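Written out below as structure tokens is the structure these notes cover.
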Amino acid sequence: MTKLTTLAPNDRLASAAVGAGLTATGITKSYRRGMWPRRQEVPVLRGADLIVGAGEVVGLVGENGSGKSTLMKILVGALAADAGAVEVSGRVGYCPQEPVLYERLTCDEHLELFGVAYGMDEQAVSSAAAALYDTLGFDRWRASQVAELSGGTRAKLNLAIALLADPEILLLDEPYAGFDWDTYLRFWELTAARRASGRSVVVISHFVADQERFDRIVQLRDGRTVQ
Amino acid sequence: MNGMTLLVGKRAVADYCRRPLNLVLLVVVPVVLVFVWGPSLVDFSKLFGGSGDRAEIEAATAGWAAAALAGLAGFFQVTGSRATDRRLAAAGGRSGPVVAGRLGASFGLAMLAAAGGLVALAVRTGITDPFRAVAATALIAIIYLALGVLVGTVVTTEMNGALLVTLAWVFDVFLGPAMGSGPSLVTRVFPLHFPTLVLTGQVTGHAGPLGDVGWSLLWAAGLSTLAVFRLAVTTRPAPPPRASGKSIGGSVLATALPTSSPVRPLVPVAAQPVATTQRNVATRGVPGRARLIAMLHAGMREHRRNRVLWALLVVVPAVFIGMAIMVTLDMPGPITLVDNGRRFTALLSERRIHAATMVPVTSAFLAGLTGLFVVTGSAGGDRRLVLAGFRPGEVFAGRLGVVAAATVLTTSVAVAVSGAWYPPRQWLVFGAANLLIALSYAMLGVLIGPLTGRIGGLYLMLLLAFIDVGFGQNVMLPSGPPAWGAYLPARGASRVMLDGAFTDHFDQLWYLLLGVAWLLVLTIAAAYVFRRRTATAST
């Protein structure tokens, strides 16, 4: 069995100076389904590898149920792999597929709270939040509670939380579902700017519409990655 | 029958059965109510001026089990499928078949709940009047099903709605006619007042020309009509908007809007600090204390906005304890106490004893539910916060802050209401002991929430709080608190509570330590489960 190594947030911060990069090798993961005596092991990942260099924009595609979100969760540390190794250099920003938010907190309050989680000071949170509101175009909703937001605005807040600390590696799980066209274009401008500044982006999608926007597309098939 | 109606009904029942916990509860709730609660409730009934007839009370427990299962099944049927049912109705252009299917499935589940209660009753005592038992239990299940559906269509927050249905049930059971309810007029307006009398074969004498059966049917028909009406309204797709555009050939065309707003031009993102080489991230991080404060602040801010919850935490103990005192007969009853090292049996007003013992029951139940709902309601966000950099312990502390505030509030109200009727001899000891029990149950809620989920946790809290605090520690039972109560969390603090309520000196250090030990153990267990559910793979 190979060794699984994920770096703690503080280690990631420390290694940020060395340079961004993500290396995942031999990732395997199975889920248990059903109850005894009909319990089954359903293998999802069978040795998936993924290497993302600094300044790369990588698309991770695959059929529905191919294990894309599972791989993403393992990469960010939300889920433990059965085997394999993950090495992350730099801070990771993660945008889950479904917005994971607090219903009764406002957009401002979300960014404030996650800013503290990322270790940012007030000034840094404030300026990053202002830039994100402007870039993603939801400034008028900043004082609204999540329960009052449309699906698209929730998706923007979901993405903004991932972007807040300007992470070296951004992992996005179907990030633009629910975006309007204007926001979709802004998202890609933002991604291009991140690439230019040496930041890495991994975008999960069940299909890739704009292939030219990616440096590389990795396909997940039968639990393994195919370049 | 419409094909869509049949299909919706079948799928709803399948959905219910695919959650193993639902099937477990279908067995556990009737068994606990009929087998465990039944015998104790007979004694309570005598104290409250009820008949105390074993057969009557045990017959009622079957109805109560059916009501608990049907009410919450109806509520979660509606809240769990509201958006999808509406979508289904919109897809077919008609909401009638969808509503009929949903109600049909809910009715089937209510009948299943009634059958569960009746089977438990038949095994325990046998059924002497099968027609009465079956008809009245089914009627009670229908009344609570309708109540659950009605609440589900009105209250959008799952936590508040489930709490409302459960509290209605608690009021109906503990202040209902099977338990005595004294001469109180107020309790006659409870939905199960007349059906319970029908089920237990009693005659009210105040039903008028309609009679007890007539009132029971009226409750069932009235609540069912309201529930059907509300469900039809909430499932009906919204009517098409009235367009203000031009009318061509009798049809109205809405004015087309541009696909992309021209108001705000695209700003070159390279100019935005968040996406460029300009780094905004502080390198020194945020100190642990500041992170803890931020977490507490956010948690309080979020839950403070759930005004219905706070209102329930204040109003329910006030009303429940006040009514419980009012319906208890003011008769003398024995209670064993220790004061200044001297053990003696005192004869006290049972109304006074009940005023004191209702405080921990009420506050434990409400605190437990708060712990359960706070921790389950924020689970996804809490995991994301940990991924972002918070420690699981910091997030846990933040949640505990909210739970503790709610617990202190609801316990304070309960203590104040009880103390206003019968001031305790030692306010501080009485208040602290009640807080200790409530905090222990709050931790129990935090502990079981991630393990059972909301629905299972709700039933568990209801059963545990009343079995432990309500029966296991109850000094009003003729033979005193049962021996098995010594192994439950409320034993130590309950003795301290009695010491504070009825004696002038504190004599229960050992029991205080026992209560504190339970709180510590439950907190550690809750922290362990919370950490397991929230921690990242690397932590």
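Computed from a predicted model, the values in this text were never measured in an experiment. When reading the values below, keep in mind they use all heavy atoms of this one structure, side chains included, and skip hydrogens, waters and symmetry mates.
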**Item:** Top contributor to chain B interface from A:Glu103, A:Gln145, A:Glu98 [non-hydrogen pairs under 4.5 Å]
**Value:**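 Between A:Glu103, A:Gln145, A:Glu98, the count favours A:Gln145.
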
**Message:** With a 4.5 angstrom heavy-atom cut-off, is it the side chain or the backbone of B:Arg291 that approaches chain A, or both, or neither?
**Reply:**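 Interface part for B:Arg291: both.
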
**Message:** Between A:Val116 and B:Met295, does the side-chain contact (heavy atoms from CB on, under 4.5 Å) criterion hold? Intermediate values first, please.
**Reply:** CA-CA 9 Å; A:Val116 173; B:Met295 194 59 232; over 6 Å; no

**A:Gln123 portion near chain B, given a 4.5 angstrom heavy-atom threshold** =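 Neither the backbone nor the side chain of A:Gln123 comes within 4.5 Å of chain B.
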
**Asked** Does any heavy atom of chain B fall under 4.5 Å from the side chain of A:Leu101, the backbone, both, or neither of them?
**Response**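 Contact with chain B: side chain only.
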
**Message:** Tell me whether B:Arg301 is salt-bridged to A:Glu112, with the criterion being a basic N under 4.0 Å from an acidic carboxylate O.
**Reply:**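 Looking at B:Arg301 and A:Glu112, the cut-off is met.
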
**Crowding at OH, A:Tyr31 (>12 non-hydrogen neighbours, <6.0 Å)** =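 Counting neighbours around OH of A:Tyr31, more than 12 heavy atoms of other residues, nucleotides or ligands fall under 6.0 Å, so yes.
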
**Request:** Can you establish whether the number of heavy atoms outside A:Glu122 located under 6.0 Å from its atom CD is more than 12?
**Result:**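 It does not: A:Glu122 CD has 12 such atoms or fewer within range.
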
Inter-residue atom distance [X].[atom1] - [Y].[atom2], 0.5 Å rounding:
X	Y	atom1	atom2	result
A:Arg104	B:Arg304	CZ	CZ	12.5 Å
A:Tyr102	B:Asp382	OH	CG	3.5 Å
B:Leu385	A:Phe114	CG	CZ	4.0 Å

**Asked** So which heavy atom on B:Phe390 is nearest to which on A:Ala117, and how close?
**Response**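 Residues B:Phe390 and A:Ala117, closest heavy atoms: CD1-CB, 3.2 Å.
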
**Request:** Report the C-alpha distance between B:Glu302 and A:Leu113 in whole Å, list the side-chain angles of each, state the deciding distance to 0.1 Å, and finish with yes or no for side-chain contact (heavy atoms from CB on, under 4.5 Å).
**Result:** CA-CA 12 Å; B:Glu302 185 192 4; A:Leu113 184 62; over 6 Å; no

**side-chain contact (heavy atoms from CB on, under 4.5 Å) between A:Lys73 and B:Leu387, intermediate numbers included** = CA-CA 10 Å; A:Lys73 284 178 186 167; B:Leu387 276 175; over 6 Å; no

**Request:** Examine distances only and state if a side-chain atom of B:Arg384 and a backbone atom of A:Tyr94 form a donor-acceptor pair shorter than 3.5 Å.
**Result:**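 At least one qualifying donor-acceptor pair exists.
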
